[in-house]
Amino acid sequence: MSAKMPKDFLWGGAIAAHQAEGAWNVAGRGMSTADVMTAGGNGIPRKITKGVIEGEYYPNHEAIDFYHRYKEDIQLFKELGLKCLRTSISWSRIYPTGTEEEPNEAGLQYYDDLFDELQANGIEPVITLSHFEMPYALYEEFGGFANKEVIPLFVKFAKTVFQRYRDKVTYWMTFNEINNQADGQEPLHVWTNSAMIIEDDSQKEALVFQAGVNELIASAAAVIEGKKINPEFQIGCMMAYVPVYPYSCAPADLMASVKANERRYFYSDVHVRGKIPTYVQKYWAKKGITIEITPEEQALLKAGTVDYIGFSYYMSGTISTLDEVAGTPTEDIPGAKIVSNPYISASDWGWPIDPVGLRYVLNTIYQRYDLPLFIVENGFGAYDQLTNEQQVHDDYRITYLKEHIEQMEKAVVEDGVPLLGYTPWGIIDIVSFGSGEMEKRYGMIYVDKDNTGKGTLNRLKKDSFAWYQQVIASNGETL
Ligand code: BG6
């Protein structure tokens, strides 16, 4: 396609602190909720342990040692042509337990150095405040985000870093994939979003909604404070958009898809519109869920709406109510089940591959909110083979990215969706969030490390490196 992407389009790459940095206990850093997640595997869940237990393997403790190797990595990012790098700030580097009066200067200095190095190499930092981690002590002391005492602690952290980096960072996001805890069924997401382990099933939904509402209040308060510190800041939310399609044109399937999508839109509806939507109020009433929210907090939601919507897109889902289709029943939509889509294939981890879904998301989200969008994650986790010549021929990754970028460009060029940038996930191989594997690789830069933690940590360029280089150099014309 002959694309005419905007001249200032932010082609970039994305990582997150806990999946890349390592150095989990250096320079005054406190233990983070990511430090107690063991390695799982493909189809094997990660365990969340009570503190760090001897004999368990915690892949995030060292990760790819980006903490010490960022200068070398930034040289590779520069060679790739990245205009921006999305990463996050590890909250427990700044406030080791979350409750200190004063921040940890060594932690602040680290991000000063990192952002300076990026800028010196022409790469703009795009920063998430909380990417699936927070100080572990906030779990121990408060039981996580369902407790309102955590809200001011997050806002204090946000104010500290907004102030410190007010001249170094323009694009911020508050909570990574805040809506991933939406159904509360998946313990890992409840843990990483909200630092909660909920043993009583009957309490799960209410607690997850309360934590989500508290995070939305914390996010709004942070937006308000950030704008006071630097009115030029662009502060966005970060959503995981997994559009759920109706399996058939049966009206009941369409309605089931509307309800399934609502459940995920809830978070961006509040971030953007600044109020709790009526559909969720009805749902809470039906389920007998009481959510604590004061009039002052409602006013914060109204005043602290976001400037743009950052989102990840990896896959779509499909829902049906038809008896003849087999699937996994949904708890909150009676009579419906999640089914597989016969028109699309899946990755080795069973993630559906649906490039057109990205164009669909860009269109529907822009139509819903009328705000600029930013694709801050998209990518293909795969098993790579390192050849004897020290090469990785990852044509499957190139195909995945090419097909998604094509759809993205259609959305921008043909449909007129305002899009700030595109930062493919795991631009350099990092620890997988979901499985804890190193060998679920997304990168264009290979990192020599395996699932058990062995390897030299050496970096080398995969075939996708040269491919993405020319995509950026041609501003998306040559795919
Ligand atoms: C997103 C997260 O859910 O997906 C990332 O924001 C994560 O942290 C990415 O790594 C890919 O998931 P996974 O489980 O393959 O690492």
Side-chain angles (χ1 to χ4, degrees), residues 12-21 32-35 37-48 59-60 63-64 66 85-91 126-134 173-183 186-194 215 236-243 264 267-268 309-317 346-353 358 361 374-384 396-397 400-401 404 422-444 447 449 451:
I15 57 172
H18 69 102
Q19 290 169 266
E21 287 174 6
S32 138
T33 47
D35 295 327
M37 301 190 317
T38 66
N42 190 345
I44 308 164
R46 301 180 79 172
K47 281 185 296 188
I48 301 157
N60 301 59
I64 61 160
F66 182 73
L85 178 76
R86 172 184 178 230
T87 187
S88 60
I89 294 178
S90 168
W91 182 348
V126 172
I127 300 303
T128 315
L129 293 173
S130 179
H131 188 124
F132 284 173
E133 63 169 328
M134 63 189 83
M173 280 165 274
T174 53
F175 291 94
N176 183 62
E177 289 188 342
I178 187 172
N179 60 335
N180 245 345
Q181 57 195 329
D183 56 14
E186 218 253 272
L188 196 63
H189 277 130
V190 174
W191 174 247
T192 51
N193 279 292
S194 298
E215 284 152 26
C237 55
M238 198 305 199
M239 309 294 300
Y241 284 131
V242 181
R264 301 199 135 248
Y267 298 82
S268 40
I309 298 167
F311 71 93
S312 67
Y313 175 80
Y314 291 93
M315 64 185 115
S316 58
S347 78
D348 285 338
W349 281 261
W351 289 25
I353 302 169
L358 177 57
V361 165
F374 200 153
I375 303 170
V376 294
E377 283 187 38
N378 171 236
F380 191 57
Y383 293 110
D384 288 336
Y396 37 86
R397 182 169 294 110
Y400 178 99
L401 292 168
H404 283 76
Y422 175 73
T423 61
W425 179 249
I427 191 79
I428 178 168
D429 292 345
I430 50 178
V431 176
S432 155
F433 152 70
S435 71
E437 291 165 285
M438 259 312 293
E439 292 168 52
K440 186 181 187 191
R441 299 175 184 277
Y442 287 84
M444 301 176 195
V447 176
K449 186 171 180 181
N451 285 343

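All ligand and atom numbering here is 1-based and tracks the order in the structure.
- Looking at every heavy atom in both residues, R441 comes nearest to V447 through NH1-O, 2.9 Å.
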- Message: Could you go through S130 and T174, starting from their C-alpha distance and side-chain angles, then the distance that decides it, and tell me whether this counts as side chain to side chain contact (heavy atoms under 4.5 Å, CB included)?
- Response: CA-CA 6 Å; S130 179; T174 53; over 6 Å; no

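- Aromatic pair H189/F433: ring centres closer than 6.0 Å.
- Across all their heavy atoms, Y383 and Y396 have their closest contact at O-OH, 3.7 Å.
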Per-pair distances, ligand 1 N/O vs protein N/O, less than 3.5 Å:
unit_1: ligand 1; atom_1: 3 (O); unit_2: E177; atom_2: OE1; d: 2.5
unit_1: ligand 1; atom_1: 3 (O); unit_2: E177; atom_2: OE2; d: 3.1
unit_1: ligand 1; atom_1: 4 (O); unit_2: E377; atom_2: OE1; d: 3.3
unit_1: ligand 1; atom_1: 6 (O); unit_2: H131; atom_2: NE2; d: 3.3
unit_1: ligand 1; atom_1: 6 (O); unit_2: N176; atom_2: ND2; d: 2.9
unit_1: ligand 1; atom_1: 6 (O); unit_2: E377; atom_2: OE1; d: 3.2
unit_1: ligand 1; atom_1: 6 (O); unit_2: E377; atom_2: OE2; d: 2.7
unit_1: ligand 1; atom_1: 8 (O); unit_2: Q19; atom_2: OE1; d: 2.8
unit_1: ligand 1; atom_1: 8 (O); unit_2: H131; atom_2: NE2; d: 2.8
unit_1: ligand 1; atom_1: 10 (O); unit_2: Q19; atom_2: NE2; d: 2.8
unit_1: ligand 1; atom_1: 10 (O); unit_2: W425; atom_2: NE1; d: 3.2
unit_1: ligand 1; atom_1: 14 (O); unit_2: S432; atom_2: OG; d: 3.3
unit_1: ligand 1; atom_1: 14 (O); unit_2: G434; atom_2: N; d: 2.7
unit_1: ligand 1; atom_1: 15 (O); unit_2: K440; atom_2: NZ; d: 2.7
unit_1: ligand 1; atom_1: 15 (O); unit_2: Y442; atom_2: OH; d: 2.5
unit_1: ligand 1; atom_1: 16 (O); unit_2: S432; atom_2: OG; d: 3.2
unit_1: ligand 1; atom_1: 16 (O); unit_2: F433; atom_2: N; d: 2.8

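- Residues passing the salt bridge (charged side-chain N to carboxylate O under 4.0 Å, His left out) test with E377, sequence neighbours excluded: R86.
- Under 3.5 Å, the side chains of N378 and Y400 contain a donor-acceptor pair of N or O atoms.
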